[in-house]
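Here the structure comes first, spelled out in C-alpha cells, and everything after it is commentary.
Worth saying up front: this structure is predicted, and the values here are computed from it rather than measured.
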Amino acid sequence: SSRNRLLDQLKSSSIGRGTNLFDRFEQRHETIKRYLIFLVVQCCIPGVNPKASTQYRVKKPKKHNNIFLIRKMADEFTEEFFAGRIVELKEQIAGALPTLESSEAFQAHNEIATTHWAVFERYLELEKQGNNEKHTVYKEYQDLQTATWPDRMDKGDAFFAELDPVLKDLENAIMECAILARTQPARLAEWCAEKDGNKEKWTAFMEDKELQKKMILNGGAALGLYHKTLEIHSDITQNFDNDAPNEVYDKIALAVALELAHPVAIFKHPDVFVDPVERFWYYANMHTYNMFDKHFAGLTVWELRNVVNSEATNEDATWMREMLKRWRPDQVRTPCSKWKYIWSQRTDTANRKPMHEFKDFPDLVSAGGACGPQAWYSRALLRAWGLPAWGVRQPGHAAISRWYPEGMWGTELGHSFQNSHFPELRYAPQGHERMGNDFNEDGRARINGSEEDYFYGVALLEALSDSQEGWLVPYIPADQYWRSLAISRRYRLASSPWRDEPKEWKNKPLKWKRPLLPETPPKFSTDEKMEFKGDKWEIPPTTCSHPDIPATSEVYHEFKDTDFPYYPGPDYRAAHLHVMMAYTGGWIIQLGNGLRAYTDYTMPEDFPEGTYELTIKYVNIHQLQTPLQFVVTDAEGNAGDPMMMDIAYTKGEFATGGPLTVELKPGSKFTMKRTEGCKFNLTIHKFYLKPVEA
C-alpha cells in the first residue's frame, strides 16, 4: 500500500463494535502495536529514512531525533512518560561518554580539581565551625589556585578536545534531558494538562533545537520553569507581525521569558508582580524611542535578564530617568562608567537614617537610607537606563554589581566580589546563594568568548551535569566532573584577558593634582544674560553677582561626551553652588543646603524700574524641603523684609515657585538663601520677573 493509504487505514479503520485498530492492538498485541506505529512513522514522517531503523537505537542520537514524536503518538504527556523519557536519555548519554578510567586527560584534570576541592572543603568546614584557622586555610587555597590554575586549564582543554565531538553528537539529547530534568516531570505534566494547546507548544519546543540552545546558553529558565518560559515567550511573540521583530526585540523577549518565568515582585509590594508581556513592550518601546543608554542594544540575552528583572514598576523606571535628567543631568552624561547614573546614591540618598517612610522609588530617593535602600535604588536606576545590575550582599552590608562597557562587571558601594553573594533563581530546584566570584567569572567569560564557545565549553557541560544529576550547588565538588570541567573552561574564557575594573574618574582634579583635559576651561564662563522674552524677564541662574562664578569657580568634574551636543564639558563648583549644563542646553545651578548658601542677582543699568512678580523654575526630589528666603536690597543698600517662598515636593518634576511681589530698579538686587533646618539641595533652572501692570 502507499504511505497515504496505510496511514488512512490506521487512523480511520474500525473493527468490531466501533473499536479503533489502535485499541484492539492495545488490548491484545502491545508489542505488535508499537512496531506497527514505528513502521508507519518511518513511512509517513518526511525526512525519515525507512531503511535506517537503527537510528533509534544508537547511543549517539542524530541531530533530528524523532523518537520524541514517536513516543507521543502512543502516550499522553504524563509524569510517568516524562520521567521515563529522562531515564532513556540519561542512559543514552551516559553510554556515549568517556569514563574516568578510559581517559588519561579526564584523570589528569580531575586530580587537580580534587586537590582544589579538598582544601576548599576544609575551609568551608572551619567556616561553619567559626574557627579562625579558616583564614589560614583560605590563603592556602588561594596560593594553590595561583600555582595550579594554569595547569588545570591546560588539562581541561586537553580533555575537552577529546570530549568536544562526543558533546556535539549528544547535543540534542543533552538539551532535551536537561530541560526535562530541570522542569521536573510532575509540574510539566500538570502544565500540559492545564489547557488546550500546551501539549502542542511543548511538542513544538522539543523540535525547536535552536530555541532550546538559546535558552540553555543564556542561563536557562528561572528555577527550571521552562514551561512557563515557553508560555511567556509565546504570549510575547504572537503579537509580532512580520515587520516588527528585530534582533533587539528577540533578545528582550527571550530575556523576559527566561527571567520572569518565576514572578518578580514589585518593590515594597510583595503581592504585586511584574507583568511579563507589559515588561517586554515597555523595554521594546523605550529602545525604539532611544530612551536607554547607548549600550543597551548590544547587550546579550543573559545580560538583559539583569535589566528586565527590575523591581521598579515601568512608571517608576521612567520617572527615575526623567528625574535624573532634570535634577542632575551631569550624572547622566558623565563618561565615568563607575559612577554613571548612580552617582546620586552619594549626593542624594547618602548613608543616613531614612527621613520618612517610603513605599516606592520616588519616596525612597526622598527618604534616603543606609546601604539597603541605596542598593535597591542603584540597581533600579541602572536598569531604568537599560544597563545590567546584579544584587550584592556582603557581611553586614548591601551593595551592587554593575556591568561595564569596558568588558567586565564590578562591585560598587562596598567590597569586592570575593566578599559578595546574592540569591539567584538559576536552574536549581530552588533558589540559592550565588557567590560573587562565580558570578564575576561567568560574566567575564560571556564577554570574552563567542556565544558558540560559551555554549559548547560551559553551558552544554552544565546541562550535561544536570542530565547526570550533578545538580547546581553554591560550591562545586570535584566529583561533579562535568560541571568541574565547565568551571575550568569558563575560567579560561574569563581570563583571556582578565581586565581591570575601570577606575573612578576623580572629581576635583585640582585637588588630585591631575592635569585638566585640553578642552577644559579652568574657569567657568558664559555669554548668557538677563533677557526680556515674551511677557517677562528671564534670568539664567549662573548670572548671579554673588558668588562671582567666573572668578571663584573650580572644575569639579570634567568630561567630554560627543553623543550629547548640549553637554560640551565640565561642571564647576563655586561657594555652595554646583554649576552644570541642563539636559537640553543652558546652564543651571544646584543650591547647597547650608545657611551660607545664597545667591545675589543685581539688576543691570537698562533694567526698567517697577513692580514685578518673582517666580523660579525648580526641581525638588525631597519631601522635607524648607522654604527659600528672598530679600530685596535697593541700589543704596537698604534691605527690605524677608519674604518666604514655599518649595513643593515635586518628585523630580518641574515646578514654579512663587510669585513674590518685589520692587526693583537698576542697581537693586534680590537675594535667595536657604533657611533654618534645610538638609537638602535644590536644582534651579531659571528665574522670572514679570512686570505687574499698574
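Of the inter-residue distances, the one linking His116 atom NE2 with Leu144 atom CG reads 4.0 Å to the nearest 0.5 angstrom. Summarising the geometry, atom CG belonging to Asp316 is positioned 11.5 Å from atom CG belonging to Leu381; distances are rounded to the nearest 0.5 Å. To the nearest 0.5 Å, atoms CG (Leu124) and NZ (Lys128) are separated by 10.0 Å. Of the inter-residue distances, the one linking Glu406 atom CD with Asp500 atom CG reads 11.5 Å to the nearest 0.5 angstrom.
Of the N and O atoms on the side chains of Glu127 and Tyr138, not one donor lies less than 3.5 Å from an acceptor on the other residue. In summary, the side chains of Ser401 and Glu412 do not present any donor paired with an acceptor at a separation below 3.5 Å, with no hydrogens or angles considered. For the 3.5 Å distance criterion, the side chains of Ser366 and Gln623 fail to qualify, holding no donor opposite an acceptor. Side chains of Thr146 and Asp143: no donor on one and acceptor on the other come within 3.5 Å.
Listed here is the closest heavy atom pair of Trp117 and Ala478: CG-N, 3.8 Å. For the residue pair Trp403 and Ile447, the shortest heavy atom distance occurs at NE1-CD1, 4.0 Å. Taking each heavy atom of Asp363 and Glu357 in turn, the nearest pair found is CB-O, 4.4 Å. Nearest heavy-atom pair across Tyr341 and Leu324 is O-CD2, 3.5 Å.
Formation of a donor-acceptor pair under 3.5 Å by the Asn448 side chain with backbone atoms of Ala494 is found in this model. The closest donor-acceptor contact from the side chain of Arg379 to the backbone of Arg402 lies at 3.5 Å or more, if one exists at all. A distance-only check finds no donor-acceptor pair linking the side chain of Arg489 to the backbone of Asp157 [under 3.5 Å]. Although no hydrogens or angles enter the test, the distance criterion places no donor-acceptor pair under 3.5 Å between the side chain of Glu79 and the main chain of Pro185. Looking only at distances, no side-chain donor or acceptor of Asn314 sits under 3.5 Å from a matching main-chain atom of Tyr282. In terms of modelled atom types and a separation under 3.5 Å, the side chain of Ser495 and the main chain of Pro497 share no donor-acceptor contact. Under a 3.5 Å cut-off, the side chain of Ser310 and the backbone N or O of Val307 do not form any donor-acceptor pair. For the pair Gln331 (side chain) and Ser344 (backbone), a donor-acceptor distance under 3.5 Å is present. No side-chain donor-acceptor contact under 3.5 Å links Lys134 to the backbone of Leu126. A donor-acceptor contact shorter than 3.5 Å is absent between the side chain of Arg279 and the backbone of Val274.
Partner of Phe361 under the ring pair (Phe, Tyr, Trp, His ring centres under 6.0 Å) criterion, out of Phe267, Trp376, Tyr377: Phe267 alone.
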Practice problem: Could you go through the side-chain hydrogen bond (donor to acceptor under 3.5 Å, both in side chains) check for Arg187 and His227 one step at a time? | Solution: CA-CA 9 Å; Arg187 64 186 183 187; His227 55 302; 4.9 Å; no
Self-check item: Verdict with supporting geometry, Arg490 and Glu441, salt bridge (charged side-chain N to carboxylate O under 4.0 Å, His left out)
Solution: CA-CA 7 Å; Arg490 190 183 70 183; Glu441 289 175 14; 3.3 Å; yes
Practice problem: Apply side-chain hydrogen bond (donor to acceptor under 3.5 Å, both in side chains) to Ser378 and Gln345, showing your working. | Solution: CA-CA 7 Å; Ser378 296; Gln345 62 81 24; 5.1 Å; no
Practice problem: Let me see the working for Asp151 and Thr148 under side-chain hydrogen bond (donor to acceptor under 3.5 Å, both in side chains), right down to the final yes or no. | Solution: CA-CA 5 Å; Asp151 192 31; Thr148 59; over 6 Å; no
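Taking the six-membered ring for Trp and the full ring otherwise, Phe292 and Trp385 have centroids separated by 6.0 Å or more. Between Phe455 and Trp302, the ring center distance fails the sub-6.0 Å criterion. Within the 6.0 Å centre-distance limit, the rings of Phe106 and Trp482 are counted as a close aromatic pair. Taking the centre of each ring, Tyr141 and Tyr123 stay at or above the 6.0 Å mark.
Among residue pairs with one or both ends in residues 267-276, none qualify as side chain to side chain donor-acceptor pair (under 3.5 Å); sequence neighbours excluded.
Under the 4.0 Å criterion applied to side-chain N and carboxylate O atoms, Lys213 and Glu452 are assigned as salt-bridge partners. At a threshold of 4.0 Å, the pair Glu88-Arg85 counts as salt-bridged, since one of the basic side-chain nitrogens sits closer than that to a carboxylate oxygen. Taking 4.0 Å as the cut-off between side-chain N and carboxylate O, Glu303 and Arg446 do not count as a salt-bridged pair.
With a 6.0 Å radius and a threshold of 12 heavy atoms from other residues, nucleotides or ligands, Lys214 has its NZ atom at or below the threshold. For Gln129, the CD atom counts as densely surrounded, since its 6.0 Å shell holds more than 12 non-hydrogen atoms of other residues, nucleotides or ligands. Summarising the local packing, CD of Glu140 is surrounded by more than 12 heavy atoms from other residues, nucleotides or ligands at distances under 6.0 Å.
Geometrically, Lys338 does not engage Tyr404 in a cation-pi contact, judged by NZ or CZ lying under 6.0 Å from the ring centre and within 45° of the ring axis. Figure legend: Arg434 and Phe439 shown without cation-pi pairing, the cationic atom not lying both under 6.0 angstrom from the six-membered ring centre and within 45 degrees of its axis.
Ring geometry, His415 versus His397: the interplanar angle exceeds 60°, so the pair is classed perpendicular (tilted spans 30 to 60°).
For the side-chain hydrogen bond (donor to acceptor under 3.5 Å, both in side chains) test, no residue two or more places apart in sequence or in another chain qualifies with Trp319.
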